[in-house]
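Take a look at the structure below.
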Amino acid sequence: MSIGSELTAARERADMTIEQLSAATRIRTGLLVAMEADDFSRCGGNFYARGHIRSIARVVKADPAPLLASFDAEHGVEEEKSRREERAAVKKPKLNPARPRWAVVVGAILVSLMGWGMVRLFTLPSDIEANASKTATTSATVTTPTPTPKPKPTVKPSKHPSSTKPPVLLTRLTMTAKGDGTYLTVRDRTNRKLFQGRLSPGIAQSVTSAGDIRVTVGNPGNLVVVLNGKRLPTKLYKFTAHPNGTLSKTASGS
C-alpha cells in the first residue's frame with residue numbers, strides 16, 4: 001500500500017473528511033488531496049512533507065513512525081541521488097574541442113598535388129608508347145552467347161486470417177466545478193496521470209481514455225460529473241468511471 005493510500009485509510013478510520021482534517025491540521029485541502037494521491041511535490045521539500053505527515057498522524061490517532069519510514073524509503077534515496085549528481089556535475093571538467101590547424105592541412109594538400117604532378121610529368125611518354133603498341137596489335141574476339149534464364153514460377157503467399165484483438169472501449173468524462181471549486185487528480189487504467197490541479201467555479205475539464213478512469217476529488221459536493229453524455233451525481237472522494245457509463249468507489253489500495 002502506498003503512503004497516500006495509508007493516509008487515506010487512517011483518515012477514514014478516524015471518520016473525518018478532507019475539510020475536517022484540514023481544519024484540524026491547518027493544511028490546505030488541495031495539499032491533503034495531493035498527498036493522498038502520492039503527490040508530495042507541492043509540500044516544498046521532504047522536510048515539510050515529513051512535518052505534514054506527523055501532523056496528520058497526530059490528528060487521526062495513527063503511529064507516524066511507519067509512515068515516515070515508508071516516505072524516507074521512497075523519497076530519501078531520490079534526494080540523495082540528485083545531490084550526488086549535482087556534485088558530480090560541478091566537479092566534471094570542461095573539455096574544449098581542439099581547433100584544426102588549417103595552415104598545416106592546406107600545406108599538406110599542396111605538397112600532395114605537386115608530387116602527383118611530377119609523377120604524371122615523367123610517366124606521360126611511357127603511357128603514350130604503351131597505348132600506341134596496343135593499337136597496332138589486333139586480336140580476334142570470340143563472342144559467346146549468353147543463355148537466357150528460364151523464368152521461375154511465382155509462388156503466391158498463402159493467406160491466413162489475421163487475428164485481431166477486440167477494441168478497448170473509450171470512457172468520456174467531463175467534470176465541471178461549482179461552488180468554491182475543488183482539487184482533482186485524474187488517472188487512466190495504467191495509473192498514468194491525465195490531469196491534476198484545482199478547478200475554479202464554472203471551469204470544466206474533459207478527458208477521454210481507453211478503459212476505466214480513476215478520479216480523486218477534494219470536495220465532491222462542488223463537482224458535476226457527466227459520463228458518456230449522462231450526468232451522474234456522486235459524493236465519493238475516490239471513484240472510477242467505467243466505459244459502460246457507471247461509477248464505482250475506488251478501492252483504498254488502488
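When reading the values below, keep in mind they use all heavy atoms of this one structure, side chains included, and skip hydrogens, waters and symmetry mates. For clarity, every value in this text was computed on a predicted model and none was experimentally measured.
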query: Closest approach of Ser55 and Ile27, non-hydrogen atoms and distance?
result: CB-CD1, 4.5 Å
query: Tell me, do Ile56 and Leu7 make a side-chain contact under 4.5 Å, heavy atoms counted?
result: yes
- prompt: Does NZ in Lys249 sit with more than 12 non-hydrogen atoms of other residues, nucleotides or ligands closer than 6.0 Å?
  reply: no
message: Please find the pair of heavy atoms, one from Pro66 and one from Asp63, that lie closest to each other, and give the distance.
response: CD-O, 3.3 Å
task: Count the heavy atoms belonging to other residues, nucleotides or ligands that lie under 6.0 Å from CG of Asp15, then report whether that count exceeds 12.
output: no
query: What's the spacing between Asn228 CG and Leu170 CG if we round to 0.5 Å?
result: 9.0 Å
- request: For Pro201 and Gly181, work out which heavy atoms get closest and say how close.
  value: CG-N, 3.9 Å
- prompt: With a 4.5 Å heavy-atom cut-off, do Met16 and Val59 have their side chains touching?
  reply: yes
- prompt: Would Arg28 count as a cation-pi partner of Tyr183, with NZ or CZ less than 6.0 Å from the six-membered ring centre and within 45° of the ring normal?
  reply: no
- line: Heavy-atom closest pair (Thr182 atom, Asn222 atom, distance to 0.1 Å) is CG2-O, 4.3 Å
message: Restricting to non-hydrogen atoms, name the atom on Leu227 and the atom on Ala241 that form the minimum distance, rounded to 0.1 Å.
response: CD1-CB, 3.9 Å
query: Is there a donor-acceptor pair closer than 3.5 Å between any side-chain N or O of Arg189 and the backbone N or O of Ala210?
result: yes
statement: Heavy atoms of Ile18 and Gly218 approach each other most closely as CB-O, 4.0 Å
query: Between Val33 and Leu194, is there a shared hydrophobic cluster once you connect ILVMFWY residues whose side-chain heavy atoms come closer than 4.5 Å?
result: no
message: Quick check for you: to the nearest 0.5 Å, what is the distance between Gln196 atom CD and Arg187 atom CZ?
response: 7.0 Å
query: Is Leu223 reachable from Leu247 through a run of hydrophobic residues whose side-chain heavy atoms are each under 4.5 Å from the next?
result: yes
Asp180, CG atom: more than 12 neighbouring heavy atoms under 6.0 Å: no
Ile3 with Leu31, same ILVMFWY side-chain cluster at under 4.5 Å: yes
message: Distance check, rounded to the nearest 0.5 Å: Ile213 atom CD1 versus Thr208 atom OG1?
response: 6.5 Å
field: Phe195 side, atom CZ; Ser206 side, atom OG - distance, nearest 0.5 Å
entry: 10.5 Å
- prompt: Which of these passes side chain to side chain contact (heavy atoms under 4.5 Å, CB included) with Met175: Ile203, Val224, Val215?
  reply: Val215
- prompt: Are there more than 12 heavy atoms of other residues, nucleotides or ligands under 6.0 Å from atom CZ of Arg172?
  reply: no
task: Could you check Thr174, Thr171, Val186 and say which one makes a side chain to side chain contact (heavy atoms under 4.5 Å, CB included) with Val207?
output: Val186
task: Report the C-alpha separation of Lys238 and Glu36 in whole Å, then their side-chain angles, then the decisive distance to 0.1 Å, and conclude whether the salt bridge (Lys or Arg N to Asp or Glu O under 4.0 Å) test is met.
output: CA-CA 10 Å; Lys238 287 186 177 183; Glu36 289 188 359; 5.2 Å; no
query: When Arg214 is tested against each of Asn191, Asp188, Thr240 for side chain to side chain donor-acceptor pair (under 3.5 Å), which residue passes?
result: Asn191
task: Supply the atom-to-atom distance Asn219 CG to Tyr237 OH, rounded to the nearest 0.5 angstrom.
output: 6.0 Å
- request: Report yes or no: does Ser112 contribute a side-chain atom to a donor-acceptor pair with the main-chain N or O of Ala108 at less than 3.5 Å?
  value: yes
message: Closer than 3.5 angstrom, by distance alone: can the side chain of Thr246 be matched with the main-chain N or O of His242 as a donor-acceptor pair?
response: no
- prompt: Once you round to the nearest 0.5 Å, how far does CG of Leu236 lie from OG1 of Thr250?
  reply: 8.0 Å
message: Counting C-beta onward and ignoring hydrogens, is there a side-chain heavy-atom pair between Arg13 and Val60 closer than 4.5 Å?
response: no
message: When you group the ILVMFWY residues by side-chain heavy-atom contacts below 4.5 Å and let the links chain together, are Leu232 and Val217 in the same group?
response: yes
- prompt: Any side-chain heavy-atom pair from Phe40 and Ile53 closer than 4.5 angstrom?
  reply: yes
message: Any heavy-atom pair between the side chains of Arg11 and Leu32 that's under 4.5 Å?
response: no
